[in-house]
> 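Have a look at this one.
Heavy-atom basis, side chains included; hydrogens, waters and symmetry copies ignored. Note on naming: letters A, B, ... go to the chains in the order of the sequence lines (proteins, then strands), and numbering restarts at 1 for each one.
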Number of protein chains: 2
Amino acid sequence: MVVTLSQSSPATKRPLTLRDVSEASGVSEMTVSRVLRNRGDVSAETRVKVQEAAKRLGYVPNKIAGALASQRVNLVAVIIPSLSNMVFPEVLTGISDVLDDTPLQPVVGVTNYLPEKEEEVLFEMLSWRPSGVIIAGLEHSDASRAMMENAGIPIVEIMDVDGEPIDAMVGISHRRAGRKMAQAIIKAGYKRIGFMGTKMPLDHRARKRFEGFTEALAKAGLEVADQEFYSGGSALLKGREMTEAMLERTPDLDFLYYSNDMIGAGGLLYCLEKGIKVPKHIGLAGFNGVELLDGLPRKLASMGSERREIGKLAAQIIARRAQGEDPSPEDRVELTPKLKLGDTLKRKKRRD
Amino acid sequence: MVVTLSQSSPATKRPLTLRDVSEASGVSEMTVSRVLRNRGDVSAETRVKVQEAAKRLGYVPNKIAGALASQRVNLVAVIIPSLSNMVFPEVLTGISDVLDDTPLQPVVGVTNYLPEKEEEVLFEMLSWRPSGVIIAGLEHSDASRAMMENAGIPIVEIMDVDGEPIDAMVGISHRRAGRKMAQAIIKAGYKRIGFMGTKMPLDHRARKRFEGFTEALAKAGLEVADQEFYSGGSALLKGREMTEAMLERTPDLDFLYYSNDMIGAGGLLYCLEKGIKVPKHIGLAGFNGVELLDGLPRKLASMGSERREIGKLAAQIIARRAQGEDPSPEDRVELTPKLKLGDTLKRKKRRD
DNA sequence: CTGGAGTATGTTATCGCTAACAGTAAAGTC
DNA sequence: GACTTTACTGTTAGCGATAACATACTCCAG
């Protein structure tokens, strides 16, 4: 039933090598190599001859061998905690945008927020001798740090700037972001504030936001009136459920701060459904400024985390270094997250 | 300010090789190699000695060299159209789940739905001589097909089964899925049906669903009463906007079929907001069965696309083949998408 | 105490490609 | 016309690991 139409396949199962192309086109392997990499002088005539032969045979160069011989690997290791949080694919997009204009290629590794897994992935990646590493976060195991310090390649730690980087760094201050949001909330006159977020032992950025948040509240003589943490599951649903539970438990809350937009959106939908007046009766805010929010009935207050830009800048640093540029102080960049009040945070001071 | 505590680094910038470990531990390179790969007989004594030296020096093996020498590369190329559509990260999760228990490692390439880009990515990936390829879709350029046919490695085409695979295949029939949804809609008694989806020249699966859908409608003497296509932007917002536009243009519609859940959710939120009675006045359905739906005020009718399972099965095929197993007819798997009526599709026949 | 079967190591020859260096012939320079 | 320079092509020697094949040394059976 299945018709196998094999290409002008050389019958032999052995994959093609430079030698095959060399023989087919009557020049040396070296010349073939030069044509295929477009490097060095080759006469137009032989160039065509070789290209034809390569195409006809269906030759695919062996980068393994090429990399070993040239001591150059055009890969950039990108290590992130997760793919299911849309934030990271967006960083990747930024990285790709930049690397697409260079010979470099991103290779992604996922750690699931586990330091041991990060160590593993890092080791695995470094063993391919990439041209650089882009890795989320500033917190790493000792072994991971050591590996990166000794790798002799550019390392860019992204997303976060609250800490000391190994080499380069591009991100925002999550502590500052938390503070800024707290200040906006306070300024709007809210007083009884609830917090919802992920269980944070390993999500350092969420933790730092929370710390900054409580710190700024404290400065204003306030504290978080209730809090709840979740892990796993559908974030939108969790946001809804946690909001319900919290409002039941602590009915006098007048503001809910969510550690990410997804649970924030769940909370918002819940409030709208229950007819709770937002932002008058209860104010809401999330974090990240995800695109999804644009489609909600009401715009959730949030703070952009600049992830696309972070990806771009990180990739640019790697690209520059790969071109031989030296490390510079400009390789440590702090971006400023933009506060968006949306429709869920009052704009003027509450008259009370 | 920065304290650089460099490992007992050998001062030299030159990366470590097997020889360094060999010298440090007083045995041959071969023995070191054996210890590090845990292969062949080595005395417990030397094993420890070598491991210590390797750790002390911070040695990271060079897989480039290893792969070249052993002619084995434990990478699996995974080629998908996009990362921003949550569907694909979920497939990746399935793949990782399985490959984590093997020595194999996924490497992801993204094509942005462009055949030329697919060709590029494929070429790039194959030049690393991976142990297998998992690629979305059955439609590829001639050059891409040729490359895969000649690569001499297992190829698993995923997501779709409406077509002839190069080698293995795991997916659902999108044509059938479209038909099935149409039948459910017809059975529920809806008659004036609108369709919204992505611009489809290159999204073959969306196209097939639409074809199956219209085909089944035709069989019942119906046709799509209105349709609209979008591209780019926030899907949730697009869903909202398109729904508004369509209901304005064709007010007598009684059902809206969305080619994915995200725009469906946007449409649902719009309808709820406008007080349109769902599913009585208007029925709604999407496609994919994404987790997000769980958090919506009303559950959107949808059809699961089994993507996690697809990823798993595909990875299992590659893993088996990598172990030397021969191709088998079981390597072509059609999964059955499950229809979920949710709260937006009437359950009984309309009395009219 | 000789031989065969293990263990535990070392040696040698690639793997497929590229850097570096060597030609060789044609063209340009003074 | 001898001497560079330029344009092209080839030769040689690795890159850093592993496969495959030695080579020692045990240990024990017969």
> Whole angstrom is fine here: how far is it from CG in A:L16 over to P in C:dG16?
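One finds 11 Å between P of C:dG16 and CG of A:L16, rounded.
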> Whole angstroms only, please: what is the CZ-P distance between A:R129 and D:dG16?
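Interatomic distance, CZ of A:R129 to P of D:dG16: 9 Å.
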> Are A:E139 and A:R205 within salt-bridge range, i.e. N to O under 4.0 Å?
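So A:E139 does not pair with A:R205 through a salt bridge.
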> May I ask you to evaluate whether A:S33 reaches the phosphate of C:dT18, defined as a side-chain N or O under 4.0 Å from OP1 or OP2?
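Answer yes for this pair, as a side-chain N or O of A:S33 is under 4.0 Å from OP1 or OP2.
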> Heavy-atom count check: over 12 atoms from other residues, nucleotides or ligands less than 6.0 Å from A:D142 CG?
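Check fails, neighbour count at 12 or below.
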> First locate atom CG of B:L83, then atom CG of B:N112, and finally report the distance between them rounded to the nearest 0.5 Å.
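The CG atom of B:N112 is 9.0 Å from CG of B:L83, to the nearest 0.5 Å.
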> Between the main-chain N or O of A:V73 and the side-chain N or O of A:S131, is there a donor-acceptor pair closer than 3.5 Å?
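Judged by distance alone, yes, a pair lies under 3.5 Å.
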> Given that B:A44 and A:G66 both sit by DNA chain C, which one's nearest nucleotide is further toward the 5' end?
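Taking each residue's closest nucleotide, the earlier one in sequence belongs to B:A44.
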> Do nucleotides 19-27 of chain D as a string where each nucleotide becomes B, S or -: B if the base has a protein heavy atom under 4.0 Å, S if just the sugar-phosphate does, - if no protein is that close.
BB-------
> Rounded to whole angstroms, how far apart are CH2 on A:W128 and C1' on D:dC15?
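Nearest whole value for this atom pair: 15 Å.
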> Hey, is the side chain of A:Y59 poking within less than 4.0 Å of OP1 or OP2 on C:dG16, counting only N and O atoms?
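So the side-chain polar atoms of A:Y59 never come under 4.0 Å of the phosphate oxygens OP1 or OP2 of C:dG16.
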> Let me know, please, whether B:A65 or B:V27 comes out on the 5' side of the other along DNA chain C by nearest nucleotide.
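Its nearest nucleotide lies further toward 5', so the answer is B:V27.
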> To the nearest Å, give me how far apart CD (B:E29) and P (D:dC15) are.
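Roughly 11 Å, once rounded to whole Å.
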> How would you label the contact of B:D41 with the nucleic acid (heavy atoms, under 4.0 Å): base, sugar-phosphate, or nothing?
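Base contact.
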> Among the nucleotides C:dG16, C:dG10, D:dA17, which one has an atom lying closest to any side-chain atom of B:T17?
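Shortest atom-to-atom distance from the side chain points to D:dA17.
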> Quick one: is C:dT11 close enough that its OP1 or OP2 comes under 4.0 Å of any side-chain N or O from B:S28?
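No, because none of the side-chain N or O atoms of B:S28 sits under 4.0 Å from OP1 or OP2 of C:dT11.
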> Starting at atom CD of A:E45, determine the distance to atom P of C:dA26, rounded to an integer number of angstrom.
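About 14 Å, once rounded to whole Å.
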> Look only at the side chain of B:D331 and the backbone of B:S328, and say whether a donor-acceptor pair between them is shorter than 3.5 Å.
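Between the backbone of B:S328 and the side chain of B:D331 there is a qualifying donor-acceptor contact (under 3.5 Å).
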> Check this for me, if you would: do B:R19 and B:E23 make a salt bridge, where the nitrogen-to-carboxylate-oxygen distance has to be below 4.0 angstrom?
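Yes.
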> Respond yes when some side-chain nitrogen or oxygen of B:Q71 is under 4.0 Å from OP1 or OP2 of C:dG16, and no when none is.
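Checking B:Q71 against C:dG16: at least one side-chain N or O falls below 4.0 Å of OP1 or OP2.
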> So, OP1 or OP2 of D:dT9: does either fall under 4.0 Å of a side-chain N or O from A:S43?
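For A:S43, the contact criterion (side-chain N or O under 4.0 Å from OP1 or OP2 of D:dT9) is met.
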> Rounded to whole Å, how long is the line connecting atom CG of A:D20 with atom P of C:dG16?
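Distance check: A:D20 CG to C:dG16 P gives 10 Å.
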> Looking only at heavy atoms, what is the nearest atom pair of B:D100 and A:K117, with distance?
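Minimum heavy-atom separation between B:D100 and A:K117: OD2-NZ, 3.4 Å.
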> C:dT14 P sits how many Å from A:L68 CG, rounded?
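Result: 17 Å.
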> Rounding to an integer number of Å, can you tell me how far B:N74 CG sits from D:dA17 P?
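Answer to the nearest Å: 16 Å.
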